[in-house]
Amino acid sequence: MLGSLLPVLMPSLSLVWLPSGIAVAALMRWGMHYWPGILLGALLAGLPILQQGGLSLPAIIILAFVHTVAPLLSAWILRVLGMQPALQRIRDIPLMVFGVAVGMFAAASGAAAMLFYAQLIPQHALENFVLQFWIANVVDVLLLLPLLLNISLKALSQLWLERKRYLLLALLVTAMEVAIFQFVPGYAEQYIVLAFFVLPFVVVLAMRLGVIGSAIMVLLLSLVALLSVGEQGEQSSWALWVFISTLSLVSLLITALQASRELTEKALRNSENKLRAVVDHAQDGIVSIDDQGKLVEFNHAAERMFGYKREEVLGKLLVETLIPPNMREAHIRGHHKYLQTGSTDILNRRLEIQALRADGTEFPVELTITSLKEQGLPLLTGFFRDLTERRKVESEIRNLAFFDALTGLPNRRLLMDRLNQAIAASVRHEKHGAVLFIDLDDFKALNDSRGHDVGDLLLVEVSKRLRQCVRNEDTVARLGGDEFVIVLEDMSLNLEQALAQTKLVAQKVLETVNQPYQLGEIEHHNSSSIGIVLFNGNFVSIDELLKRSDTAMYEAKAAGRNTLRFFDPAMQAALEKRVDMELQLRLALVQEQLRLYCQVQVDDERRVFGAEVLLRWQHPEHGLLSPKEFVSIAEDSGLIVSIGRWVLYNACLQLKSWEGRPGLDSMQLAVNVSARQFRHSDFVDEVLKILQTTGADPSLLKLELTESVVLDNLADAVAKMNALRELGVRFSMDDFGTGYSSLAYLKRLPLTQVKIDRSFVRDIAEDASDAAIVQAILAMSNTLGLKVIAEGVETEAQFQLLQSYGCRFFQGYLFSKPLQIDEFERLLKDHDFLL
């Protein structure tokens, strides 16, 4: 209907076909599925023509279909080309022109074909009609599409709020154009030329108003031109089309350029803001100086780093503010060289230098320098990173890498380096050196009974004492656990003198380590075992030296501990045998090579009331081995716990098997419990589980403990023993009388029996002291209500003498040697030893 209000070239052709612009905008804005509405609108628009008799109904329908397909094609092309409706990019303008031109050409061709078919236009006018129809539709889309794609209530409201900026100028431009068309005489084409005088004002408005405002202004001016010129022929039509197209395209280009400029400015502002934010929030100190060396930039990190406020240092010379006095001259020379020659030697490199804080203290920094120009003047910018913490961390890392965290002594890695240097020095000076391998005796027992904190206190104290035993040039290192190594250097050329010097140091170490320790509230005594190997030159590798000293240390352990031993080849062979024995002992547990033996225990009438369970190893190569040959290995390796559990379990199985057998169902079995096994926190639960699993009578089980086991942690031992006594399990104190504190604590222990150690029984007939000790033990035990059994009874004289002292229970070779279970049962049956 709008089209009918505007001038036409002929009944079927308007100067500007406004529905095309509306249709393309609708499809672009709301979606391609709006085409039925466009078709309906086109049909309704054709009704007046139908009523006037200008076209038939089929022609109207075909024309409506053409006016629907053309916008669909244009909108589809614009979508495919990726034109943005905001039209803020220059590239969107030619994309829009191309898409609209292609789509509207289809409309023009279709309309011409239809009108020619209806004989409304002759053939000779067909080409001209297509061209004019096409231009009319393209101009219409260019006129309306930018406005309709972007218009909204919000945009119009914003435009109205800014009316003071443009309204007066817009009215003035409109009035100027009206005046041109109304009052300037001439032909229409002259009017159009004169109307181009408004173009500069349109450019100004486009810069101020944006796409919507400029589109409204162009639409208004175009309508004024259309209505003013009217129907004055084909030449005037072409002039109008050029005028409208020019206004539209120029305004669009101007708004796109303006939008691009604003986006660029916004991006620049954002970039500057981000750069400022980066500079202000950077963790590195950022400092810039001008060509005179004065500070022109000083960020927050620099404030924190150097201790100055930004306003305090801007304008001051860098060299007098942040550079230490001894470096200022070099800084000035470097800056002058850069200004004079443009040398880039100092640029884009990481330098580690000293810097100066506001309080006058120097600190290490990492500096990177870059250069740029501002208004033609060179600026140098330095990025400062405080290295104080890094240096601290590097020092800590070095300590962790080369020093023991607990004691501060060199660790294995640093020891190997020091030992390598000592060997090299020995080669140069032909002097002897020595390696002392030190292991603390019974350290694991302290750790297990008192806890690792107390153990750590001991290690720290030992490390201090070891340092005091050597010279500054010697090395004291901790390998780990309770193992220490001392490397002695620059000793005598003479071997005997070097041995004497080394032994003197080792003796000093033994004595120093032996002194009492105050570990918190605990006073502790500790000893050590030392293995020694000497070297002169590089005839032996570092690893071999440590291996030999370790071998010698084990020899010191085997010799009774708290002593020292020098290495010789026999030690190495013994150690290798010991390692091999440990591997075989692990297999013995798996392959069931262990055997239970029993040795009878009798009363004063030689009647058997019980037996002690003893362990043997049926070795596949070496035959039957006694505990003396493998128990120490089991204890050192920790296998003693698994072996002890095996012995206890099989002893309880044996008690269960004797249940209901006359003479054997009341037989008591005594089982030795190792220190490691007893100290386990779950020892009580373990015994209970074994008793429940086997079904053995707890009252027939007697656990033998040594004095060192219970007295190491008396409270814990008493608690465990009481828990098992409530189940019926009995306890015997093995090797009684060999400890120094037994008598003081005996009354606190829930014992049922004590065993007189075989060392007192062996010489009881010849040694009055042993006899006196035995009598004292018997008297004290009787007073406390404890049974006493003497072990190691081998002669009748010993038996008779012990009886005379009042001893009633005995064990030893006089009555029977240890026997396998079946032999033990046969012995009792054949000799009628049972009670």
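Computed from a predicted model, the values in this text were never measured in an experiment. Start at 1 with the first residue, then count along the sequence.
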For residues T368 and D284, determine if any side-chain heavy atom of one lies less than 4.5 Å from a side-chain heavy atom of the other. no
May I ask you to test the D386-R357 pair for a side-chain heavy-atom distance under 4.5 Å? yes
Just wondering, more than 12 heavy atoms not from F363 lying within 6.0 Å of its CZ? yes
Any side-chain heavy-atom pair from E362 and M327 closer than 4.5 angstrom? no
Neighbour count >12 (heavy atoms, 6.0 Å) for atom CZ, F105: no
Can you check whether H300's main-chain N or O pairs, donor with acceptor, with R310's side chain at less than 3.5 Å? no
Hey, are the side chains of L356 and L322 touching, using non-hydrogen atoms and a 4.5 Å cut-off? no
Distance-only, no hydrogens or angles: does the R328 side chain make a donor-acceptor pair with backbone N or O of I323 under 3.5 Å? yes
Taking atom CZ of R385 as the centre, does the number of heavy atoms from other residues, nucleotides or ligands within less than 6.0 Å exceed 12? no
For the residue pair I289 and H335, establish whether any side-chain heavy-atom pair is separated by less than 4.5 Å. yes
Heavy-atom closest pair, residues I286 and N299: N-OD1, 2.9 Å
State, yes or no, whether a side-chain contact exists between E352 and R391 at a heavy-atom distance under 4.5 Å. yes
